[in-house]
2 protein chains.
Amino acid sequence: MTDDTTPIWLRPERAAVGRPAERTRAEITAAAIAVADRGGPDAVSMRNIADELGTGPASLYRYVGGRDDLLDLMVDATAAEYRLDPPTGDHVRDLVAVAEQARSIMLRHPWLPELVLTRPVLGPCTLDVLDHVLEALADHPGDGRTKLEIFALLNAIAATFALNELAAGNRAERAAAYLGHIAAAGERPRITALWDELTAPNDDSDDRRAERLAALVSSLLQ
Amino acid sequence: MTDDTTPIWLRPERAAVGRPAERTRAEITAAAIAVADRGGPDAVSMRNIADELGTGPASLYRYVGGRDDLLDLMVDATAAEYRLDPPTGDHVRDLVAVAEQARSIMLRHPWLPELVLTRPVLGPCTLDVLDHVLEALADHPGDGRTKLEIFALLNAIAATFALNELAAGNRAERAAAYLGHIAAAGERPRITALWDELTAPNDDSDDRRAERLAALVSSLLQ
DNA sequence: CGAGTTCGCGAACAGTGTTCTCAAACTCTA
DNA sequence: TAGAGTTTGAGAACACTGTTCGCGAACTCG
């Protein structure tokens with residue numbers, strides 16, 4: 001029972017007998033999130049998390065199968081930050097609300113978009129969100145597969161928006177440097193024109209972004 | 001000149017004087033892609049790539065700033081696999097063609113979706129694709145920012161589709177295991193219903209997937 | 001009280017990306 | 001042709017990673 005292939009959410013946290021545990025899975029997850037929020041995605045190492053808790057790396061393995069489990073726990077823990085108000089009956093509006101929350105949660109945790117995009121986490125909290133989306137789409141045409149796909153794409157879109165706003169540090173700067181170089185060469189008129197637009201004073205308002213996000217989400221439902 | 005912040009695409013590959021190089025940046029990139037195709041994303045280590053070339057890890061640093069540069073080169077190299085036919089005048093059709101190619105390229109290189117989603121690579125080959133998209137959208141309303149966003153989302157959507165089809169190995173199986181467990185508990189009717197639909201015999205055809213992808217891409221243009 | 005179980009965690013291991021270093025290999029100049 | 005100058009190749013080493021082993025300590029149960 002509870003072999004290696006069992007997902008973390010089903011593995012029992014503690015035994016009832018023997019020496020009592022000094023920590024909780026939730027505590028460790030919280031420490032990991034704190035480390036990631038402070039030091040970026042690369043800082044999430046077993047050593048750093050253990051240091052945050054004032055213990056050794058080996059201790060963590062009593063609570064968690066390994067680093068991968070811990071990352072899953074972190075992602076699912078952030079899903080608890082959603083406020084899932086009862087559906088209004090307006091499909092688009094309800095889904096946009098979820099997408100906006102996804103975006104702002106990801107902005108709060110800059111390491112999150114990368115993880116959400118890469119690994120298909122479906123823990124208890126994430127499942128609550130999925131359930132909420134299914135509820136909002138209850139009387140919407142389309143089978144379950146399609147609705148699950150809508151959920152995945154909603155996350156992907158929100159993550160893309162968040163990554164854009166986070167600007168991804170010097171990585172994006174390098175890409176911009178190359179784009180500028182090509183634009184300056186002037187051999188590709190379309191690229192040059194694009195570059196000029198991008199470097200022009202940015203009058204992008206929050207409203208425009210919100211509108212764009214809403215338009216995309218609403219288009220998911222067609 | 002050519003300090004550390006210069007993007008790889010602008011750093012000169014070789015010097016004209018001194019001992020001649022035995023390898024090429026392109027050769028190393030190809031070796032890295034071969035390793036990744038064969039052994040999955042985790043196999044892309046400097047050691048493995050060096051072994052593939054019959055040399056030591058340290059040698060690679062003469063051609064490439066580090067692992068990150070190499071990953072960028074890999075991603076951009078795959079962008080050379082696009083066939084960029086001249087635009088037909090039908091915006092939707094042209095963009096769908098690009099998205100379909102993105103998907104099939106990613107299926108050929110299972111390690112690609114993860115990288116594409118995570119890092120905003122804009123090398124020469126990727127820039128060709130962007131230029132092609134801009135050409136296809138030349139007479140489409142919307143500013144450059146919007147069109148760049150369309151390009152990013154097109155990639156994200158294609159990557160999401162590819163990841164879905166690749167099924168992501170035992171990671172997805174674990175998520176499914178948990179979903180099945182919750183469904184069996186029967187406390188959440190919507191989740192149980194969804195699970196029943198997912199485990200029912202899968203009559204999903206390629207046509208349905210293509211239709212769905214086309215619908216999403218076309219909705220990007222509204 | 002003693003048996004049985006579990007926890008904490010220092011120490012060690014295999015693997016990683018990266019840098020240092022210096023001999024070898026080449027081009028250019030005299 | 002001899003020598004100076006420059007660049008490459010790559011072994012060895014470093015700092016770091018995730019992970020496992022083992023054992024003493026801490027607790028529950030009979």
Side-chain angles (χ1 to χ4, degrees), chain A residues 1-5 8 11-29 31-32 35-36 39-74 111 115 118-119 171, chain B residues 1-5 8 11-29 31-32 35-36 39-74 111 115 118-119 171:
Chain A
M1 239 53 76
T2 74
D3 53 272
D4 308 358
T5 70
I8 263 276
R11 248 172 288 166
E13 172 149 7
R14 312 280 53 203
V17 77
R19 177 174 168 177
E22 295 181 6
R23 268 168 278 272
T24 323
R25 220 179 253 173
E27 275 177 33
I28 293 181
T29 306
V35 168
D42 297 339
V44 185
S45 75
M46 302 302 262
R47 252 86 168 182
N48 285 349
I49 298 170
D51 283 353
E52 177 87 7
L53 291 165
T55 178
S59 308
L60 305 179
Y61 289 82
R62 293 275 170 196
Y63 300 85
V64 158
R67 200 180 107 104
D68 263 22
D69 277 351
L70 196 41
L71 293 179
D72 284 351
L73 286 170
M74 290 169 69
W111 45 270
L115 291 187
T118 321
R119 55 185 58 210
R171 169 152 245 81
Chain B
M1 236 56 75
T2 73
D3 52 87
D4 308 358
T5 70
I8 239 280
R11 249 172 287 165
E13 171 150 8
R14 315 278 50 207
V17 76
R19 174 172 170 178
E22 295 181 6
R23 268 167 278 273
T24 324
R25 220 179 252 171
E27 275 176 33
I28 294 181
T29 307
V35 168
D42 297 339
V44 185
S45 76
M46 302 303 259
R47 252 88 168 179
N48 284 351
I49 298 170
D51 284 352
E52 176 89 5
L53 291 164
T55 177
S59 309
L60 305 179
Y61 289 83
R62 294 278 169 194
Y63 300 84
V64 158
R67 201 181 106 104
D68 264 22
D69 276 352
L70 196 40
L71 293 179
D72 284 351
L73 286 169
M74 290 169 67
W111 44 271
L115 292 186
T118 320
R119 53 184 62 210
R171 170 151 244 82

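Residue numbers begin at 1 in each chain, while the letters A, B, ... track the order of the sequences.
Checked by distance alone, B/Arg47 brings no side-chain donor or acceptor within 3.5 Å of a matching partner on the base of C/dG15. For B/Arg19 against D/dT8, a side-chain N or O and a base N or O form a donor-acceptor pair under 3.5 Å.
A/Val44 comes within contact range of the sugar-phosphate backbone alone, with a heavy-atom separation under 4.0 Å but no base atom that close. Residue contacts for A/Arg62: at a heavy-atom cut-off of 4.0 Å it reaches a base atom on one of the strands shown. Across all strands shown, B/Ser59 has heavy atoms under 4.0 Å from base atoms, whether or not it also approaches the sugar-phosphate.
The CE-P distance, from A/Met46 to C/dG10, rounds to 15 Å in whole Å. Between A/Asp42 atom CG and D/dG18 atom P the separation is 11 Å, expressed in whole Å. Between the CD1 atom of A/Ile28 and the P atom of C/dG8 there is a distance of 8 Å, rounded to whole Å. If you measure from atom CG of A/Leu60 to atom C1' of D/dG18, you get 11 Å, rounded to the nearest angstrom. Rounded to whole Å, the distance from CG on A/Asp51 to P on D/dG18 is 12 Å. We find that CD1 of A/Ile49 is positioned 11 Å from P of D/dT19, with the value rounded to whole Å. Here D/dC16 presents its C1' atom at 14 Å from CZ of B/Arg67, a figure rounded to the nearest Å. Atom pair B/Leu53:CG and D/dG9:C1' shows a separation of 13 Å (rounding to whole Å applied).
Residue B/Val44 comes nearest to B/Ala36 through the heavy atom pair CG2-CB, 3.5 Å, listed as atom of the first residue, atom of the second, then distance. When all heavy atoms of A/Gly65 and A/Ile8 are compared, the closest pair comes out as N-CD1, 4.4 Å. Residues A/Glu22 and A/Glu27 come closest through the heavy atom pair O-OE1, 4.4 Å.
Nearest nucleotide to the side chain of A/Val17, out of C/dC7, D/dT8, D/dC29: D/dC29. Here the side chain of A/Ala58 is nearest to one of D/dT20, D/dA13, C/dC20, namely D/dT20. The side chain of B/Pro20 sits closest to C/dC26 out of D/dT6, C/dC26, C/dT6.
DNA chain C is contacted by both B/Gly18 and A/Glu22; A/Glu22 maps to the nucleotide lying nearer its 5′ end (nearest heavy atom per residue).
Phosphate proximity of C/dC9 to A/Arg23: present, with a side-chain N or O under 4.0 Å from OP1 or OP2.
Residue A/Tyr63 forms a side chain to side chain contact (heavy atoms under 4.5 Å, CB included) with just one option from A/Thr24, A/Ile28, A/Leu70, and that option is A/Ile28.
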